[in-house]
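Below: the structure, in structure tokens.
Note that ligands are numbered from 1 as they come in the structure, with each ligand's atoms numbered from 1 the same way. The first residue of the sequence shown is numbered 1, and numbering continues consecutively from there. Everything numeric here is computed off the predicted structure, so don't read it as measured data.
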Amino acid sequence: MYSRSTQEIDADIQRAAQDKKARKSKSSKRKDEADEHNEEGVSSESKSRKRKRGEPNGTADSAKDTSKEKNVTPEPAPEEPAADGINEPETNTAQVIEERKPKREKKKKRKQEDTGDTEIADGDTDDIRRRHKSVFEKVQKALQAKADAADDDEEEAEPEVEHGLEPLPQPEPVVFDESKLTYETLPPWLASPIRVGPDRSQSFTELGISPESAKILESKGFKDAFAVQTAVLPLLLSSPDRQGDVVVAAPTGSGKTLSYVLPMVQDISKGRVTRLRALIVLPTRDLVHQVQLACEACAAAFAVHGGKRVKIGTAMGNRVFKEEQSVILGEEQRYDPQGYEQYLQKQNRFVNLEDEDDEDDGLDLERTQPLPYHVIAHESKVDILICTPGRLVEHITKTPGFSLDYVRWLVVDEADKLLAQDFQQWLDTVAEKLGTGKPGARDFPGSNKSGVRKVILSATMTRDLSLLNGLKLSRPKLIVVEGTKAGEQSLPPLLKEYAIKIREPSLKPLYLVDLLNSKHMSAVDQSMADGISAGSETSDSESSSSDSDSDSDSDSDSSSSSSSSSDDGTPQPKTKPAPASTSSLATTVLIFTKSNESTLRLSRLLALLAPSFAPLIGTLTSSTKTSRRARTLRAFAQGKLRILVASDLVSRGIDLLNLEHVVNYDLPISETSYVHRVGRTARAGRKGCAWTLLEHAEARRFWRDFAGEGKGAKTSIVRAGAVERVRIGEGEFGEERVRAYEEALARLAREASGRGGE
Ligand SMILES: Nc1ncnc2c1ncn2[C@@H]1O[C@H](COP(=O)(O)OP(=O)(O)OP(=O)(O)O)[C@@H](O)[C@H]1O
């Protein structure tokens, strides 16, 4: 039993609290003393911790005093564990208990007075003890809980560190991987291409083309396979065990077109029924035309020994849509009462939905209404469709019955351009359609291959995997001509490049006239020059009329010229137009400018400054009608026109076999553009020249980025020889020529403002 009095117990509590406090203060002081020997920050930390606990600065001293007191009062606390748990706040609690005691006694007194039972207060000590014990236990519990909480706080409390003015330590910067794709990071098929020597050649029969077909090919000018064809044909020609898709990176004019047209036509010619089997996607209408000719040549070559004459169609938006639909897709009435019923139901639904502005499945686009109890059945009229991406998407979405279910060839030519510019998201639309189909519809005859064979080509093929991924290639192989690495672009081996410095940019057209009149513009290939002269002699008049409907350009306007040039190129006042036969131009030239507008201006200016050239000039811009562009290209191929002024529209893919000189009147915007422009000449193993006029501000960029010379040179263009410097018009422009030039400019301005030539 409890034998001590309340006062004694309270005194014990108080002592125990003080004892605990003294011990803690002592250890705290020892720590502080040790910390003072350490760095400033840690000392501050201890101070700051004290601040956190609400201790005054002198706490350590007072704790020391208390500790001395403890030494003279060694009596243990009544319950050791409780005493152990007591720390500074307990002192306060003990005081609180002490303070509360008189209040309790007062309360008791008041109660006794109220009840008149004063004896209970003096005599019933058991009861008092019991109550005291219960109060004591409660206090113990409360103190224990408080002590635990305080310990937890102390563990979790973040140490506060005070810093000087020195910069705070920062985390290591995150290093971003900016490295470009290299051979090591490219997938194996891109990193390890199949290389082919540029001079390699093989007969078509050796490559597996039947002698009959090879003979027809030869009659069309294709005697032996070019280097790129020797590598691509074995991969694409039909074989019992077919390989995967093929990606081709080969220079301009190396014969990429035939490398895919030949195997595709051969494969399709083995069938009987006409179904849409192949899509060839190209960026411009001119290229669609050109590839169509190559397809026709091959179709003729394989329509032997009972082979099917492959049918070729185009979709490029040069005709009204309905007309184009009827060219590529046939319709026939087929007796089908059930189908007709469904048609009527659909049409009723469509009529109802029309009010709600909803679109149905293209019933409104049906070209022909079905007869009663009949349905319209659609059949492809072509095996190969050569198209621009935008028009292809239009047919997929708007032409009823246009189906890609049987397509087993997809060719993307000029792929870097087509992949970089997502014309109406054409690739996603096409890929979705090619991803589904009827079972067996895409089987290749005589082979274990089923699915869509993809052939991707460019002279400046992208290695950008994010672009190539969209094609969903299957087991692809990359073919490159020897000497080129990933990211490089090869120029034709027989191309010679020249640069001409323009000292007076305001007189740039005069430099061009002088270049055209210079000895440099002689024929590169004499046999070609003879052909050109022959063509122009017989058809100069035709050339004017063939191109006379060109849009506001100079083709037909030479008669209105008021000046002509002497043999040295100096304009002479003239009343009569210069006859074309006086032209000294014995070669062919394609001049590139930066825009449609520049093309039209330069073309006209050239005719004014050098009237003898006027009947020989043709103009090609993206705003020129397709039919007119085709006529101009034909006239040029026939030698009726010898100078073409063009925007970048024709920089890609256009095959002008008799073209000898390319002039960059304006600097191209990129290396890729340069490669395509100058690649219009020196094609198919012929020679050719490229000339670039350089204003002062452009020179550095040209030499560094295009020619790969001088400080900071960096170019991806691979060439046989260096770019040569040539001087033209060095101080040669007399006053008279400059005056004639100014007159020509004034006339041009008048014409542009609609006030005519006068
Ligand atoms: N085996 C061959 N024999 C003779 N001429 C060929 C042969 N193969 C292709 N050609 C001719 O070579 C020229 C260039 O071919 P093609 O237009 O296919 O080049 P390309 O590689 O597609 O060029 P670009 O990248 O500029 O489009 C064409 O006139 C074509 O008829």
Review point. So which protein heavy atom does atom 11 (C) of ligand 1 come closest to, and at what separation?
Key: A684 CB, 4.0 Å
**Study point:** For L657, the ligand 1 atoms whose distance to one of its heavy atoms is below 4.0 Å
**Key:** 29 (O)
Practice item. Check each of T599, D648, T284, N596 against S622 using the side chain to side chain donor-acceptor pair (under 3.5 Å) test, and report the only one that passes. Key: N596
Practice item. Step through the shown structure and confirm whether more than 12 heavy atoms of other residues, nucleotides or ligands are within 6.0 Å of NZ on K496. Key: no
Check your understanding: Does F444 have R408 sitting over its ring (NZ/CZ under 6.0 Å from centre, angle to axis within 45°)?
Key -> yes
Check your understanding: Out of V675, L667, L694, which residue meets the side-chain contact (heavy atoms from CB on, under 4.5 Å) rule with F706?
Key -> L667
**Study point:** Nearest-contact summary for atom 31 (O) of ligand 1 - protein heavy atom, Å
**Key:** F222 CE2, 3.4 Å
Review point. In this structure, are over 12 heavy atoms from other groups packed under 6.0 Å from E709 atom CD?
Key: yes
Review point. Nearest protein heavy atom to atom 25 (O) of ligand 1, by residue and atom, and its distance?
Key: K256 NZ, 2.7 Å
Review point. Can the positive tip of R391 be found less than 6.0 Å from the middle of the six-membered ring of W426, inside 45° of the ring normal?
Key: no
Review point. Does some side-chain heavy atom of F302 sit less than 4.5 Å from a side-chain heavy atom of I268?
Key: no
Practice item. Mark up the atoms of ligand 1 that fall under 4.0 Å of a heavy atom belonging to R683, in ascending order. Key: 14 (C), 16 (P), 17 (O), 19 (O), 20 (P), 23 (O), 24 (P), 26 (O), 27 (O)
Point to revise | Shortest protein heavy-atom distance from atom 27 (O) of ligand 1, along with the residue and atom involved | key: G653 CA, 3.3 Å
Exercise for review: Return the residue, atom name and 0.1 Å-rounded distance of the protein heavy atom closest to atom 8 (N) of ligand 1.
Suggested key: Q229 NE2, 2.8 Å
Determine all donor-acceptor pairs shorter than 3.5 Å in which one atom belongs to a side chain in residues 226-233; sequence neighbours excluded.
unit_1	atom_1	unit_2	atom_2	d
Q229	OE1	F226	N	2.8
Q229	NE2	G255	O	2.9
T230	OG1	R200	NE	3.4
T230	OG1	A227	O	2.5

Review point. Numbering the atoms of ligand 1 from 1, which are under 4.0 Å from a heavy atom of F204?
Key: 1 (N)
**Study point:** Candidate list L633, V645, I654, test side-chain contact (heavy atoms from CB on, under 4.5 Å), partner L620, passing option
**Key:** L633
Review point. Is it true that D267 and R453 have a side-chain N and a carboxylate O under 4.0 angstrom from each other?
Key: no
Check your understanding: Which of the numbered atoms in ligand 1 are below 4.0 angstrom from a heavy atom of D224?
Key -> 1 (N), 2 (C), 3 (N)
Exercise for review: Would you mind running through ligand 1 and noting each atom that sits below 4.0 Å from a heavy atom of G221?
Suggested key: 3 (N), 4 (C), 5 (N)
Check your understanding: When you look for heavy atoms under 4.0 Å from ligand 1, do you find them on the side chain of P251, its backbone, both, or neither?
Key -> backbone
**Study point:** Protein contact to atom 10 (N) of ligand 1 [nearest heavy atom, distance to 0.1 Å]
**Key:** F226 CE1, 3.5 Å
Practice item. Within a distance under 4.0 Å of any heavy atom of R680, pick out the atoms of ligand 1 and give their elements. Key: 26 (O)
Check your understanding: If we only count heavy atoms from C-beta on, is the I194 to L478 side-chain gap below 4.5 Å?
Key -> no
Revision key, fill the gap. Honestly, for E414 the part within reach of ligand 1 (heavy atoms, under 4.0 Å) is side chain
Review point. For atom 22 (O) of ligand 1, which candidate among T230, D655, T257 holds the nearest heavy atom?
Key: T257
Review point. Does even one non-hydrogen atom of S254 get within less than 4.0 Å of ligand 1?
Key: yes
Review point. Taking non-hydrogen atoms only, is I654 closer than 4.0 angstrom to ligand 1 via side chain, backbone, both or neither?
Key: neither
Practice item. Look only at interatomic distance and state if A225 has a nitrogen or oxygen under 3.5 Å from any nitrogen or oxygen of ligand 1. Key: no
Practice item. Looking only at distances, please establish whether an N/O atom of ligand 1 is found under 3.5 Å from an N/O atom of G253. Key: yes
Study note, to complete from the structure: Minimal heavy-atom distance between R686 and L657, with the atoms involved, is NH1-CD2, 3.0 Å
